[in-house]
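One structure is given here, and the rest of the page talks about it.
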Amino acid sequence: MDWSWLEDAERVEEHLYAAGLRLHDKWICSTLLRDEASYSCVLCNLRWPQELLWPGRMKLRTSKEEADALAGGLSLQGQVVARYMLCSGRVRLPVNTLILKISDELDPVIDFLPPSLCPACSATVQRKPHKEDQAINSILVRSSSADLSNVPMRIALDVAQNVFYGNDHEHMIVDEEMLQLGYGHMALRLTVPSTASVYSALRLGLPGCSIDYLPSTPARLTVTVYPASVHLPHANSPSLNPSEVAQWLSSVGNCHVASYTSGCSAHAVVAELASVGCWHRALALNGELWQRTVMIVSATENFESHACTLSSRPSTRRIMLYWLRALSGLGVVAKRLVLAFLGDPPVMVPSDIGSLEDAMRVSRNVIIVGGHYTLPQGLKIRSPVNLIGDGQVFLHLGSPVQIRSEFGAELRNLTFLGEQTGESDNRSAVIAVQCSYLVAIGRGYRCYSDITPVGGRRAFACCSWGRPSITLTNCTIRGGHHGVDLRGGCGVRPRMGKSRRPILAFPATQYLEDGLDLGAWLERNRNQHQEVDMPSIEFSGKRAYVPGWKQHVMTFAQLIDCEISNSVTEAINAWRGARLEMTRCWIHNCGNDWSSAISLGRFMTSGFTRSQESELTKGFMPGSKGKSAGQYFLEAELLRNTLRCCNAGVICSRTNLLARSNQVEHVKFGAFQIFNGKTIMEENQIKQCAIALTARSGLSAAISWAAKLELRSNLLQMCEVGLRLSSARAQLEVNLSQDSLIGLGDGIVIQGSTSNVEMEGCRIADCKRMGIHAFKESNVTLRQCQILRNGRGVVIASGSRADISRSSFEGNTGWAVRFEGHPDDDLSLGSTSSIVGNSFGCPEKGNAGRKRVRVDTRSEMVRCLANSSPGEGLVEPEVKLQKTSHCAVLADEMAQLSLQTEML
């Protein structure tokens with residue numbers, strides 16, 4: 001074989017470009033650049049980004065005359081209407097090829113899209129080896145448009161697999177044979193040296209071509225032909241006429257059909273070929289478009305198990321007897337319609353199967369009959385099962401329930417009983433959720449040279465298909481170190497000492513560590529997610545060379561109408577980026593002296609940004625919106641829950657929290673403790689706690705807002721402190737609207753120069769000490785607020801700033817508003833504060849309500865305008881300047897001198 005032409009890279013491109021082919025963007029070119037263009041898959045009819053379609057968009061240079069002839073033979077939608085159209089004497093455009101653009105130049109370039117498949121459908125159609133196959137060393141290559149007799153397809157495939165040229169080309173392909181199909185098409189049978197070479201060819205591939213596994217020649221040369229739509233959920237597959245299928249194999253595949261018959265179903269036809277060559281040519285038609293339907297051609301023995309599974313009826317189970325008894329009054333037709341709607345009957349434990357683990361392997365839906373069940377080894381859930389309790393079901397656990405499902409799971413009407421004392425060494429949770437769905441992260445090198453990639457790898461795309469959740473409905477969880485432990489996939493480091501994958505025969509594989517077949521992964525997701533039609537794909541728009549795909553674990557849990565109690569530490573612990581949604585749950589009597597009822601992101605430290613996976617979390621974790629790894633936030637929603645009798649309520653660290661209509665009572669320490677993140681609290685009631693809400697921002701000034709809180713219509717009552725807000729260097733923004741703080745020790749305590757608090761329409765009443773206390777250069781804004789019957793109303797320490805407008809003050813024992821001063825205040829550096837348009841009530845018993853506004857600061861930067869009191873007119877501030885430190889020293893000296901004079 002002459003390899004000399006490979007030494008000139010321009011000749012490689014010239015040969016491939018002349019045939020309308022280019023090397024696969026996935027391996028040699030800049031890949032998956034963000035493009036808004038999307039086209040429909042010929043099989044599932046869903047629109048996909050053009051970069052993910054196969055064979056995808058191609059270009060061809062031709063003559064002016066051929067371009068004009070091609071333009072005249074198109075439909076109104078720009079599609080080829082003839083069976084085949086020949087361009088440049090070497091490229092055949094099949095029917096339904098979409099002509100995107102024909103350039104206006106002397107030698108026009110045709111931009112066209114042949115009938116293409118999405119990654120999921122491509123994985124469905126592609127023929128793959130089976131476990132029982134002995135010799136796996138042959139593949140079939142077929143082009144939908146290019147003539148393989150004029151294009152060095154073997155060389156193109158070799159270069160597509162060997163991104164960086166090496167010296168072992170003679171070991172790539174052992175043998176080759178050209179197969180002559182109908183209508184001038186060609187196919188290529190290649191023998192490769194090993195099984196690894198087959199899998200590499202199936203994974204890498206070449207645009208414009210379909211690559212399938214070629215099984216060993218059987219004793220009986222039969223193939224099964226059926227439409228690919230039988231693999232799609234809820235798809236209507238056409239019935240096939242055996243004689244028409246035989247004619248199609250003869251004309252398009254140039255095959256001699258000895259006999260044909262119907263298969264296991266009306267959608268399949270089994271044909272027997274006359275020779276081995278005919279059998280190879282028939283298998284080369286796999287994925288061909290016939291009568292607007294993508295056809296699958298498979299070896300008969302590989303199809304029989306699947307076809308019989310499609311036509312088999314579910315076995316009779318106990319629940320089926322109940323259904324038939326309930327439907328006994330209906331007619332036969334109506335009964336069949338109802339049973340078809342109900343689907344596969346669930347398995348009942350222990351009526352049908354005695355073991356819960358065996359039941360989950362048999363059926364997706366499992367019903368557990370009421371009673372007590374002991375599980376000393378716990379329970380491992382690895383599939384999307386639905387466990388439903390019929391009556392009172394008690395599961396006594398010796399080990400946790402571990403849930404690691406790729407497509408979610410549901411547990412309903414169950415009671416889980418774990419360890420209820422802290423004396424045991426068991427540190428496990430009752431329910432440990434480690435995965436609910438996966439996302440695919442595409443990563444590639446930033447650039448490459450002629451020999452090796454250059455630089456590190458970065459994420460260029462993220463693909464997800466739905467967000468399945470682990471759902472617990474009406475469940476009771478008692479005991480355990482944690483009630484529920486939710487662990488996401490953020491910050492997981494690679495295991496130290498892990499053996500590396502062996503380098504295969506192909507030079508490029510030493511740079512690939514993806515391990516994920518994107519097409520097969522999308523196919524699995526499409527078959528599972530019936531309610532989601534399309535995946536979500538995000539592109540960075542950055543170039544990536546030699547990219548690979550890797551799966552990333554994501555966790556999403558939903559708790560609905562559940563009760564969690566008697567946990568040793570946290571009732572719910574969510575970390576490493578897990579997402580939590582709680583609705584109408586009751587948590588009580590959980591935690592020790594230092595733990596909380598709900599912990600969100602408590603273990604997410606900045607250390608995980610040094611992980612190898614930090615690049616993935618920078619721009620392509622769902623919901624991250626381009627935030628860096630250090631700014632990634634966990635997500636949680638708490639709706640209409642009740643927390644009682646715990647040491648601490650909710651602790652959030654770097655969490656986007658939504659808390660609405662929750663009740664927190666009798667908490668020993670803080671009800672809500674927030675460190676960085678965005679929090680929205682609406683219509684919550686917090687009573688009889690030490691501190692209702694604590695918010696603190698960290699030391700990183702690089703984050704635009706480290707902590708941002710929005711409070712609306714909340715009730716804080718009978719707590720020692722309502723809000724304690726503090727900041728270091730990062731921003732802390734707090735907005736309160738229509739909130740009520742009643743019967744507290746201190747209403748709001750604010751400190752830190754980067755703390756900004758805005759209150760509108762709020763009510764602070766009956767606080768024993770102070771309504772609002774701002775110090776350490778914090779900033780406060782009050783609009784239309786009510787400050788009533790507190791020990792002191794609003795106290796602004798020296799250096800802090802306050803804007804108070806259109807608010808009312810009544811019945812406060814001490815000063816309603818006081819600006820405290822310091823002897824060393826600098827007259828030139830004072831902050832501007834204002835008290836404008838406020839109303840002060842009439843004095844009540846004793847001095848309550850008599851003290852209005854006092855200004856002790858020497859900066860003289862407090863504006864008091866249009867403040868009034870009923871019956872007294874305008875309210876003027878009382879100014880009492882503090883003595884300077886120099887005057888204080890002189891006063892002390894004069895006092896000592898006077899004392900000495902008296903002694904003499």
Side-chain angles (χ1 to χ4, degrees), residues 41-46 54 94-96 115-130 132-133 140 142 144 181-182 187 202 210-215 218 220-274 278-313 519-520 522-524 526-527:
C41 170
V42 70
L43 179 55
C44 64
N45 296 322
L46 300 178
W54 186 276
V95 65
N96 292 334
S116 301
L117 299 174
C118 64
C121 293
S122 179
T124 300
V125 173
Q126 187 181 54
R127 189 168 51 246
K128 301 178 180 64
H130 293 267
E132 58 271 11
D133 293 344
L140 281 174
R142 179 179 56 84
S144 61
L181 306 180
L202 294 176
S210 63
I211 302 179
D212 290 304
Y213 164 67
L214 178 61
R220 186 182 179 189
L221 302 176
T222 57
V223 295
T224 301
V225 183
Y226 62 98
S229 55
V230 300
H231 293 283
L232 301 183
H234 306 298
N236 296 323
S237 301
S239 299
L240 300 182
N241 188 322
S243 60
E244 294 180 356
V245 172
Q247 184 179 0
W248 174 70
L249 291 174
S250 300
S251 59
V252 179
N254 195 19
C255 303
H256 178 62
V257 181
S259 62
Y260 53 86
T261 183
S262 298
C264 296
S265 65
H267 307 297
V269 173
V270 177
E272 184 174 0
L273 286 308
C278 294
W279 188 69
H280 287 167
R281 288 191 291 271
L283 292 178
L285 297 180
N286 184 49
E288 184 74 16
L289 190 66
W290 178 53
Q291 295 182 353
R292 299 184 181 275
T293 302
V294 178
M295 306 303 295
I296 292 182
V297 182
S298 174
T300 301
E301 60 271 14
N302 295 332
F303 173 78
E304 287 179 350
S305 59
H306 173 73
C308 295
T309 301
L310 293 177
S311 59
S312 62
R313 296 177 58 85
L522 289 173
E523 180 190 18
R524 278 200 321 273
R526 181 191 61 193
N527 296 336

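Position 1 is the first residue of the sequence, and the numbers go up from there. Values reported hereafter were calculated over all heavy atoms of this structure, with side chains retained and with hydrogens, waters and symmetry mates removed.
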- Do the side chain of Q126 and the main chain of I211 share a donor and acceptor less than 3.5 angstrom apart? yes
- Evaluate side-chain contact (heavy atoms from CB on, under 4.5 Å) for V257 paired with L273, printing each intermediate quantity in order. CA-CA 5 Å; V257 181; L273 286 308; 4.2 Å; yes
- Message: Can a donor-acceptor pair be found, under 3.5 Å and without considering hydrogens, that links the side chain of S250 to the backbone of C255?
- Response: yes
- Please walk me through it: do L240 and M295 pass side-chain contact (heavy atoms from CB on, under 4.5 Å)? CA-CA 11 Å; L240 300 182; M295 306 303 295; 3.8 Å; yes
- Do any N or O atoms from the side chain of S237 and from the backbone of V230 form a donor-acceptor pair under 3.5 angstrom? yes
- Residues T224 and S298: side-chain donor-acceptor under 3.5 angstrom: no
- Task: State the OG-CG distance between S122 and L522, to the nearest 0.5 angstrom.
- Result: 10.5 Å
- Query: When you measure from the side chain of R127 to the backbone N and O of L140, does any donor-acceptor pair fall under 3.5 Å?
  - Reply: no
- Message: How about CD on E244, more than 12 heavy atoms from neighbouring residues, nucleotides or ligands closer than 6.0 Å, or not?
- Response: yes
- To the nearest 0.5 Å, tell me how far T124 OG1 sits from E523 CD. 3.0 Å
- Message: Measuring from atom OG of S116 to atom CG of L43, what distance do you get when rounded to the nearest 0.5 angstrom?
- Response: 12.0 Å
- Task: For the pair H267 (side chain) and P238 (backbone), establish whether a donor and an acceptor sit closer than 3.5 Å, ignoring hydrogens and angles.
- Result: yes
- Task: Determine, stepwise, if the pair L221 / C278 fulfils side-chain contact (heavy atoms from CB on, under 4.5 Å).
- Result: CA-CA 9 Å; L221 302 176; C278 294; over 6 Å; no
- Item | side-chain contact (heavy atoms from CB on, under 4.5 Å) between Y260 and L249, worked out | CA-CA 11 Å; Y260 53 86; L249 291 174; over 6 Å; no
- Taking all heavy atoms of L181 and all of L285, pick out the closest pair and write down the distance. CD1-CD2, 4.3 Å
